[in-house]
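Here is the structure we will look at.
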Amino acid sequence: MPELPEVEVTRLSFAPAISGGQIQQVQLGKPLRWPLGCAPQQLVGQTVLGVRRRGKYLLLDLSAGLLLVHLGMSGSLTFMRTAPVAGKHDHFDLVTSHGVLRLHDPRRFGAAVFADSEQAASAQKLLGGLGLEPLSAEFEPQVFYAQLHLRKAPIKQVLLAGDVVVGVGNIYACEVLFRAGIRPTTRAARISRARVLRLHEAIVHVLALAVQQGGSTLRDFSNAHGETGLFQLQARVYGRAGQPCHACGQPIRLMRQGQRSTYFCSRCQT
DNA sequence: AGAATGACCTGCTGGC
DNA sequence: TGCCAGCAGGTCATTC
């Protein structure tokens, strides 16, 4: 489900409310992708100082460490005053004095992991090896170009890998490449500087727009208040196989790249 | 090191 | 209706 915009929308929807809350209880359901990494009791008594985001990870700053939350493919968070009895797919509850943060995740590719510090989290390679943050000043076109120039893999797969730029998942990779007019199979290193600049612009534009639109709700994404997003209405290629390209009328094509679906327009993307 | 592949897990859809 | 194959927004370990 969640790519950078959905994670950011989620963050914005509960960060102010939870900040300052003291953890009173932690409830675990079925195992998630990774174990919590500490006894639940160790979190109790700590205060949630704030919520940041790195790539698709949410970072809850606690008074004595960091709680990393990842939504995987099917995760979503809700924040409520009091929580109803946990359902079949509710696998993590953080009960605080300000309310309950609940992770709902049918496929359980998500996780909540405690780390003593950001360094410790990197050491566990949860945050290690992540690329540039696309909505920050560090995402400079020249740096982006230099990085892409080192990579021979198809640009779509380089974007998804997240070690050059973070947060661009399958939907937004397709959208961004369409808007930049670049064929997803093009080797990253072979893209001209001018086209990389267009791609850079498309990434910043599309991700920022998607955050503004509340993310993409394809099946079930919603923010921590249960509100769905609107960006899917702006999707120009994703999920539109066989339908006419909005720019040229050619049918949008679907192909597989590294076991993921890629949607593109064979006329507009060269 | 970078690139390609399989693995993790559940639910839904479409075809027979 | 039932069953099975294939698909889904992510990322890690393993292999070459």
Side-chain angles (χ1 to χ4, degrees), chain A residues 1-10 29-35 37 53-58 68-77 87-92 103-113 121-131 146-177 184-190 206-207 210-211 213-223 228-235 237-242 254-263:
Chain A
M1 168 216 316
E3 303 181 34
L4 183 149
E6 291 72 39
V7 176
E8 180 65 6
V9 164
T10 298
K30 285 195 197 170
L32 292 161
R33 174 155 213 204
W34 300 297
R53 180 188 55 71
R54 176 77 176 102
K56 296 169 192 164
Y57 290 89
L58 286 169
L68 312 192
V69 177
H70 198 289
L71 302 178
M73 289 278 263
S74 59
S76 59
L77 289 171
K88 185 179 176 187
H89 300 304
D90 298 327
H91 303 302
F92 179 81
L103 176 61
H104 174 89
D105 187 2
R107 290 177 72 181
R108 293 191 281 129
F109 286 176
V113 179
S122 302
Q124 292 171 49
K125 33 197 146 143
L126 289 174
L127 298 180
L130 292 186
Q147 293 278 306
L148 291 186
H149 209 69
L150 302 171
R151 307 293 292 268
K152 291 188 210 137
I155 181 62
K156 163 98 181 311
Q157 290 173 252
V158 172
L159 291 177
L160 289 184
D163 47 359
V164 173
V165 58
V166 294
V168 181
N170 205 37
I171 298 178
Y172 297 107
C174 293
E175 292 302 311
V176 144
L177 288 169
T185 46
T186 309
R187 310 263 149 197
R190 306 205 44 192
V206 166
L207 294 181
V211 170
Q213 302 270 302
S216 294
T217 300
L218 293 190
R219 286 174 186 72
D220 51 10
F221 170 73
S222 62
N223 68 23
T228 55
L230 291 171
F231 182 83
Q232 69 280 6
L233 302 175
Q234 316 259 344
V237 288
Y238 189 87
R240 298 194 61 242
L254 172 59
M255 68 178 293
R256 307 286 290 150
Q257 279 185 293
Q259 359 239 79
R260 313 296 301 274
S261 293
T262 295
Y263 298 86

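Throughout, protein chains are lettered first and strands after them, A, B, ... in sequence-line order, and every chain is numbered starting at 1.
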### Message
As an exercise, state the distance from NZ of A:K88 to NE2 of A:H104, rounded to the nearest 0.5 Å.
### Response
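Answer rounded to 0.5 Å: 10.5 Å.
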### Query
When rounded to the nearest 0.5 angstrom, what is the spacing between CG in A:L159 and CZ in A:R151?
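Spacing of CG (A:L159) from CZ (A:R151) equals 10.0 Å.
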Side chain of [X] only, please: which of [options] is the nearest?
X	options	value
A:S261	B:dA4, B:dG11, C:dC7	C:dC7
A:K56	C:dG10, C:dC12, C:dG9	C:dG10
A:E3	B:dT10, C:dG9, B:dA4	C:dG9

Which part of the nucleic acid does [X] contact within heavy-atom distance under 4.0 Å: base, sugar-phosphate only, or nothing?
X	answer
A:F231	nothing
A:R151	sugar-phosphate
A:Y238	sugar-phosphate
A:G258	nothing

### Query
Would you find a donor on one side and an acceptor on the other, under 3.5 Å apart, between the side chain of A:Q232 and the backbone of A:T217?
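Yes.
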Within this structure, what is the [atom1]-to-[atom2] distance between [X] and [N], rounded to whole angstrom?
X	N	atom1	atom2	answer
A:L68	C:dG10	CG	C1'	15 Å
A:L71	C:dG10	CG	P	11 Å
A:H70	C:dC12	NE2	P	7 Å
A:L160	C:dT11	CG	P	9 Å
A:H104	B:dG11	NE2	P	9 Å
A:L32	B:dT10	CG	P	11 Å
A:H91	B:dC9	NE2	C1'	9 Å
A:Q259	C:dG10	CD	C1'	13 Å

Within less than 4.0 Å of OP1 or OP2 of [N], is there a side-chain N or O belonging to [X]?
X	N	answer
A:R187	B:dA3	no
A:H89	B:dC9	no
A:R108	B:dT10	yes
A:K88	B:dT10	no
A:K30	B:dC9	no
A:R256	C:dA8	yes

### Query
Parallel, tilted or perpendicular: which fits the ring planes of A:Y172 and A:F231, with parallel below 30° and perpendicular above 60°?
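Ring orientation of A:Y172 relative to A:F231: tilted.
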### Message
Roughly how many Å apart are B:dA3 and C:dG9, using the C1' atom of each and rounding to a whole number?
### Response
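Nearest-Å result for C:dG9 against B:dA3 at atom C1': 23 Å.
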### Message
Rounding to an integer number of angstrom, what distance separates B:dC9 and C:dC3 when you compare their P atoms?
### Response
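Approximately 23 Å lies between the P atom of B:dC9 and that of C:dC3.
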### Message
Is A:F109 stacked against the base of C:dG10, taking the criterion as centroid distance under 5.5 angstrom and interplanar angle under 30°?
### Response
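Yes; centroid distance and tilt both under limits.
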### Query
Mind checking whether A:F92 and A:D105 have side chains closer than 4.5 Å, heavy atoms only?
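No, side chains not in contact.
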### Query
Would you say the base of C:dG10 and the side-chain of A:R107 have a donor-acceptor pair closer than 3.5 Å?
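In this structure, the two groups form no donor-acceptor pair.
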### Query
For B:dC9, what is the paired nucleotide under Watson-Crick or G-U wobble rules, both distances under 3.5 Å?
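When the pairing criteria are applied, nothing turns out to pair with B:dC9, so the answer is none.
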#### Entry: Derivation of the side chain to side chain donor-acceptor pair (under 3.5 Å) call for A:S261 and A:R256
CA-CA 5 Å; A:S261 293; A:R256 307 286 290 150; 2.7 Å; yes
